[in-house]
Participant: 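Below you will find the structure I want to go over with you.
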Amino acid sequence: MIATLLFSLQMMAGLFLLLLGGVGFIQDKRFFSSAPAQTQAVVPASKPERFPGQHAVGWVMILLAFAFMGGAIVLGAWDGIQNGFGFWQFALRFFAMLMLLKAFDVLFFDWYLLCNAGLNFFPHFYPETKAVLGRHLFGYNRKTHLLHILLFPVASAALAWICTLF
């Protein structure tokens, strides 16, 4: 159980790194595709680099983010194989990891950063968003979150099945 929590934390770090790389360093409107319409409307298409290599730093952060998140799944599988996990143990581990990641997404990204302007994250990089952010945005993407949650058991089962082949 502790290993599953650590792998989940690794995925959360990766997701935050993905957000920071895209929003803070690459600064391209494409990274706002899942943002509320009001936010998308005020974000410019792109921003010039604040320092040479800023966009490259952002792409490196995104690659590291995918490595963190993918690595957590690989480590979770490897640990389970080493400990003789069966299908249901793997499925439960991956489901827990995905649900904890989703909880982090909803509570930290949506509620804190987006709706409560936590640490002025988005306005720091995009001052034009300050006027449109607020608590009224919470839940704007609930259908997407629910779809993800409905797909988690299928993804968990698929990963568990793959792990039992080893």
Side-chain angles (χ1 to χ4, degrees), residues 1-36 39-40 43 53-116 118-119 121-122 124-126 137-166:
M1 186 63 170
I2 299 223
T4 301
L5 291 175
L6 291 174
F7 299 141
S8 298
L9 288 172
Q10 182 178 338
M11 290 180 74
M12 292 173 198
L15 191 59
F16 182 73
L17 200 57
L18 183 68
L19 177 75
L20 184 60
V23 171
F25 287 84
I26 297 174
Q27 294 191 313
D28 190 297
K29 191 171 188 164
R30 291 177 291 179
F31 290 100
F32 281 84
S33 64
S34 65
T39 306
Q40 289 182 30
V43 170
Q54 172 189 329
H55 295 158
V57 169
W59 285 111
V60 168
M61 290 172 85
I62 286 176
L63 288 173
L64 285 172
F66 282 118
F68 272 38
M69 293 189 295
I73 291 172
V74 170
L75 288 171
W78 179 80
D79 178 67
I81 291 168
Q82 296 299 312
N83 289 304
F85 277 22
F87 175 83
W88 290 110
Q89 288 170 304
F90 276 120
L92 184 59
R93 168 175 275 179
F94 292 128
F95 184 72
M97 288 169 63
L98 291 171
M99 287 300 289
L100 287 169
L101 183 64
K102 181 53 68 180
F104 175 73
D105 180 13
V106 171
L107 295 174
F108 183 69
F109 283 9
D110 293 355
W111 177 249
Y112 184 67
L113 290 182
L114 186 64
C115 296
N116 290 301
L119 307 175
F121 181 81
F122 290 103
H124 176 75
F125 299 109
Y126 292 90
L137 295 176
F138 190 68
Y140 78 94
N141 56 351
R142 74 178 137 266
K143 289 180 183 176
T144 303
H145 288 311
L146 288 173
L147 177 63
H148 291 167
I149 291 168
L150 290 173
L151 292 174
F152 286 169
V154 175
S156 300
L159 288 168
W161 176 72
I162 291 168
C163 291
T164 58
L165 296 175
F166 292 100

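Just the heavy atoms: all of them, side chains too, but no hydrogens, waters or symmetry mates, feed the values below.
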Participant: Identify all side-chain donor-acceptor contacts of residues 159-166 below 3.5 Å with residues at least two apart in sequence or on another chain.
Facilitator:
from: Thr164; atom 1: OG1; to: Ala160; atom 2: O; distance (Å): 3.4
from: Thr164; atom 1: OG1; to: Trp161; atom 2: O; distance (Å): 2.7

Participant: Tell me every residue that passes ring-ring contact (aromatic ring centres under 6.0 Å, His included) with Phe66, counting only those two or more places apart in sequence or in another chain.
Facilitator: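 By the ring-ring contact (aromatic ring centres under 6.0 Å, His included) rule, Phe66 matches no residue at all.
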
Participant: Could you measure the distance from the OG1 atom of Thr144 to the CD1 atom of Ile149? Nearest 0.5 Å is fine.
Facilitator: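 These two atoms lie 11.0 Å from each other.
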
Participant: Taking all heavy atoms of Tyr140 and all of Leu114, pick out the closest pair and write down the distance.
Facilitator: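 Answer, listing the atom of Tyr140 first, then Leu114: CE2-CD2, 3.4 Å.
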
Participant: So which heavy atom on Phe121 is nearest to which on Val23, and how close?
Facilitator: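 In this case the closest contact between Phe121 and Val23 is CE2-CG1, 4.2 Å.
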
Participant: If we only count heavy atoms from C-beta on, is the Phe108 to Leu113 side-chain gap below 4.5 Å?
Facilitator: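 With C-beta onward as the side chain, the pair touches.
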
Participant: Mind checking side chain to side chain donor-acceptor pair (under 3.5 Å) for Asp79 and listing every partner two or more places apart, or none if nothing turns up?
Facilitator: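 Applying side chain to side chain donor-acceptor pair (under 3.5 Å) to Asp79 gives Asn83, Arg93.
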
Participant: If you apply the rule side-chain contact (heavy atoms from CB on, under 4.5 Å), what do you find for Asn116 with Phe138, and how did you get there?
Facilitator: CA-CA 9 Å; Asn116 290 301; Phe138 190 68; over 6 Å; no

Participant: Applying the side chain to side chain contact (heavy atoms under 4.5 Å, CB included) criterion to Ser8, which one of Leu100, Leu101, Leu98 satisfies it?
Facilitator: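 Testing Ser8 for a side chain to side chain contact (heavy atoms under 4.5 Å, CB included) against Leu100, Leu101, Leu98 leaves exactly one candidate, Leu100.
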
Participant: List in chain and number order the residues that pass ring-ring contact (aromatic ring centres under 6.0 Å, His included) with Phe87, two or more places apart in sequence or in another chain; answer none if no residue qualifies.
Facilitator: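 Phe87: no ring-ring contact (aromatic ring centres under 6.0 Å, His included) contacts found.
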
Participant: Can you give me the closest heavy-atom contact between Lys29 and Val43, atom names plus distance?
Facilitator: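 Shortest heavy-atom contact: NZ-O, 3.3 Å.
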
Participant: For Tyr126, which residues count as a ring-ring contact (aromatic ring centres under 6.0 Å, His included) partner, sequence neighbours excluded?
Facilitator: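 For Tyr126 the ring-ring contact (aromatic ring centres under 6.0 Å, His included) partners, ignoring immediate neighbours, are Phe32.
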
Participant: Which pairs, with at least one residue in residues 13-26 and sequence neighbours excluded, count as a salt bridge (Lys or Arg N to Asp or Glu O under 4.0 Å)?
Facilitator: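 Checked against salt bridge (Lys or Arg N to Asp or Glu O under 4.0 Å) - neighbours excluded - no pair reaches residues 13-26.
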
Participant: Look up atom OG1 in Thr4 and atom CE in Met1, then write down how far apart they are to the nearest 0.5 Å.
Facilitator: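 Going from the OG1 atom of Thr4 to the CE atom of Met1 covers 6.5 Å.
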
Participant: Only distances under 3.5 Å count here; give the side-chain donor-acceptor pairs of residues 10-20 to other protein atoms, sequence neighbours excluded, each with its distance to 0.1 Å.
Facilitator:
from: Gln10; atom 1: NE2; to: Phe68; atom 2: O; distance (Å): 3.0

Participant: Holding to side chain to side chain donor-acceptor pair (under 3.5 Å), I want the full list of residues that pass it with Gln54, two or more places apart in sequence or in another chain.
Facilitator: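 In terms of side chain to side chain donor-acceptor pair (under 3.5 Å), with neighbours along the sequence ignored, Gln54 is linked to Gln27.
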
Participant: When the ring planes of Phe94 and Phe90 are compared, do they come out parallel, tilted or perpendicular, using 30° and 60° as the limits?
Facilitator: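 Ring orientation, 0 to 90° scale: parallel.
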
Participant: Among residues at least two apart in sequence or on other chains, which ones pass side chain to side chain contact (heavy atoms under 4.5 Å, CB included) with Gln89?
Facilitator: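 If we apply the side chain to side chain contact (heavy atoms under 4.5 Å, CB included) test to Gln89, skipping adjacent residues, the hits are Phe85.
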
Participant: If you measure from CZ on Arg142 to CG on Asp110, what distance do you get to the nearest 0.5 Å?
Facilitator: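 CG of Asp110 is found 11.5 Å from CZ of Arg142.
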
Participant: Once side chain to side chain contact (heavy atoms under 4.5 Å, CB included) is applied, do any residues pair with Trp59, and if so which ones, sequence neighbours excluded?
Facilitator: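 Result, side chain to side chain contact (heavy atoms under 4.5 Å, CB included) vs Trp59: Ile26, Phe31, Ile62.
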
Participant: Any heavy-atom pair between the side chains of Thr39 and Phe122 that's under 4.5 Å?
Facilitator: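 Heavy-atom side-chain distance check fails, nothing below 4.5 Å.
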
Participant: Mind checking what makes salt bridge (Lys or Arg N to Asp or Glu O under 4.0 Å) contact with Asp105, not counting sequence neighbours?
Facilitator: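 With sequence neighbours excluded, Asp105 shows a salt bridge (Lys or Arg N to Asp or Glu O under 4.0 Å) to Lys102, given in chain and number order.
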
Participant: Using the ring-ring contact (aromatic ring centres under 6.0 Å, His included) criterion, which residues pair with Phe109? Sequence neighbours excluded.
Facilitator: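 Result, ring-ring contact (aromatic ring centres under 6.0 Å, His included) vs Phe109: Phe104.
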
